[in-house]
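What follows is a short report on a single structure.
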Amino acid sequence: MAKFVIAGRANCPYYAKAELLADYLQKNLPDFRIHKITQRPEVWEEWLNDVCEKNKWSQKNSPIIWRELLDRGGKCLLLGGYNEFLEHAQLYYNVTSSMTTQQMMVIAQENLGAHIENELQEEALKGFIHPLQVWITSAATPACYNLIPILTSGEVFGMHTEISITLFDSKQVEEHLKNLVMETQDLASPVLRSVSICTNVEEAFRQAHVVVILDDTTEQEVHTLEDCLRRRVPLCRLYGGLIEKNAHASVRVIVGGKTFVNLKTILLMTYAPNVAHNIIAVALGVEGEAKAALARKLKTSPSCIKDVIIWGNITGNNYIDLRKARIYRYDSAIWGPLHYSRPVLNLIFDSEWLKREFVETLKKLTGTGRQFGGILAAHSIATTLKYWYHGSPPGEIVSLGVLSEGQFGIPEGIVFSMPVKFENGTWVVRTDLEDIEISEKIMTRMTSDLIQEKLVALGDMINFHPYQSETEVAKRDERISLPTAEYTQEEQRIPDERKDSMYSDLIPEEEKDLIMSDVDSLDLIPQAVSEKLQSLDATNDPEGKTMEP
């Protein structure tokens, strides 16, 4: 079989004559095939020079014609221009062309019009298959390293949605980002169109459809909680402005991290008001830890536990609500079909474990930020994105940090974790749930810190005062009023085991009343200022730099 390639300027009359002759030969000869290439007049010379340089040919005019040696392999065989092709057709096939110059000029103009139309159609088709632009901030953090394989697996956005990932971080970690790009390319994912890095702030979030906000690194020391809160503002102001300026109008922003997730989310909403409705905070990390702790107690799989609700501050003072929690496929005396479930609280008979160990374990994890390690943080973000695009499981309650509009008696204007469901590409707060009212004392405990964090960060309040109940204040005043020497002598007379029971009792009295009777709710103790600052020191990157959102 003979295969010829005919290339030329789209408006070249000699290309038009050669094309017509080649069409005739292909139609009448069973083993003759042609492939046509046209280029705009303004780019023709550059294209021709590149082809000739690549193949070591010498051709200056349009058209250029070569034969591809399909059966023999090796490089192509240059035939020449129009005259050489006409001689070849006369010698081998006894065919020539009788096209007039006027006809050649008319067809040349038609060819140019057809070429321009084809280019426009190709551009339109590219628009339909434009990849989803995903930007990840602080891409040098471990969470990003674990997030990329999940995003490129096709499970989050679907196997029919191509994505382009841009890793955004500072110039200091550029080499690390380059290595991460190479590892990502090695995955050979069918849904990954491209992966690139960005260290130029002005180019950040260019045409982004999805922005994932992770923790940032800093070498600056933080001495007070107030300083820590205020240092979130410049970065959130920068990111918010860039998202408003550069991102796609329908951009979706998802905020994760180890500390002050609710605060970062409300600050981004403040500085990116046009996309505030599409900014959310990830709460599935805390939800996953709660399910895992319950599963270890019940000797089952965490995936069998559903509808655990996280209220309040995701990385601070929150409330783990088990009143709607149910367990599926539980190995017990009562069995049922796969959709059969039982209330979790009906199966935990150790009320002391619920009131003490369960609460204290989750409090400690939240205080140190350990529940937002690389793997869990990545999985929580990816799962939330998956629900956002494809909907959450029907009937299942999902926790999400969103802007309060007064639902459940929550003050407006703060980001608060609450129960939602994802459907039709958006989320809806589950105000239809029954019997999930939160007591005023617990609501005040959760909202007080969130309101103060926002006020201190924006400069409307100077000092942060952690919430203390009336019982805690009374106990503190009582301790302060005791003389030091007298208190020490009294303490020495207390047996060690009694001391342990005194200092291990971390739940305020009014909250004991809420959970002692029927164990229908659980509350994590708020962190003191020193605990929050200590948690920042515990969250370091691999190089020992302190992680700061």
For [Y], is there any backbone N or O sitting under 3.5 Å from a side-chain donor or acceptor partner on [X]?
| X | Y | answer |
| --- | --- | --- |
| His209 | Val251 | no |
| Asn146 | Ala378 | no |
| Asp321 | Ile309 | no |
| Thr315 | Phe260 | yes |
| Thr184 | Ile148 | no |
| Lys386 | Ile381 | no |
| Asp307 | Arg326 | no |
| Asn313 | Asn318 | no |
| Ser448 | Arg445 | no |

For [X], what residues pass the side-chain hydrogen bond (donor to acceptor under 3.5 Å, both in side chains) criterion, not counting sequence neighbours?
| X | answer |
| --- | --- |
| Glu423 | none |
| Tyr145 | Glu183 |
| Ser164 | Ser194 |
| His248 | Ser250 |

ask   = Partners of Tyr389 by ring pair (Phe, Tyr, Trp, His ring centres under 6.0 Å), sequence neighbours excluded?
value = Phe157
Just distance, no hydrogens or angles: give the donor-acceptor pairs under 3.5 Å from side chains in residues 392-415, sequence neighbours left out.
{"unit_1": "Ser392", "atom_1": "OG", "unit_2": "Phe422", "atom_2": "N", "d": "3.0"}
{"unit_1": "Ser392", "atom_1": "OG", "unit_2": "Phe422", "atom_2": "O", "d": "3.4"}
{"unit_1": "Ser399", "atom_1": "OG", "unit_2": "Glu287", "atom_2": "OE1", "d": "3.2"}
{"unit_1": "Ser399", "atom_1": "OG", "unit_2": "Ile310", "atom_2": "N", "d": "2.9"}
{"unit_1": "Ser404", "atom_1": "OG", "unit_2": "Gly406", "atom_2": "N", "d": "3.2"}
{"unit_1": "Ser404", "atom_1": "OG", "unit_2": "Ile410", "atom_2": "O", "d": "3.2"}
{"unit_1": "Ser404", "atom_1": "OG", "unit_2": "Pro411", "atom_2": "O", "d": "3.0"}
{"unit_1": "Gln407", "atom_1": "OE1", "unit_2": "Glu405", "atom_2": "N", "d": "2.8"}

[Y] and [X], any side-chain heavy atoms less than 4.5 Å apart:
| X | Y | value |
| --- | --- | --- |
| Trp388 | Ile280 | yes |
| Phe416 | Thr447 | yes |
| Ile254 | Ile213 | no |
| Phe464 | Thr224 | no |
| Val420 | Tyr387 | no |

Counterpart residues, salt bridge (charged side-chain N to carboxylate O under 4.0 Å, His left out), relative to [X] (two or more places apart):
| X | answer |
| --- | --- |
| Glu202 | Lys245 |
| Arg329 | none |
| Arg252 | none |
| Glu357 | none |

inquiry  = If we count only N and O atoms by modelled type, under 3.5 Å, do the side chains of Thr265 and Asn262 hold a donor and an acceptor together?
reply    = no
task = Would you please classify the geometry between the Phe205 ring and the Phe168 ring as parallel, tilted or perpendicular, with 30° and 60° separating the classes?
result = perpendicular
For residues 296-305, tabulate all N or O donor-acceptor pairs below 3.5 Å that involve a side-chain atom, not counting sequence neighbours.
{"unit_1": "Lys297", "atom_1": "NZ", "unit_2": "Asp350", "atom_2": "OD2", "d": "3.4"}
{"unit_1": "Ser301", "atom_1": "OG", "unit_2": "Ser303", "atom_2": "N", "d": "3.4"}
{"unit_1": "Ser301", "atom_1": "OG", "unit_2": "Ser303", "atom_2": "OG", "d": "3.0"}

request  = Report the residues that fulfil side-chain contact (heavy atoms from CB on, under 4.5 Å) with Glu437, sequence neighbours left out, ordered by chain and then residue number.
outcome  = none
ask   = How far does CD1 of Ile314 sit from OG1 of Thr259, to the nearest 0.5 angstrom?
value = 12.0 Å
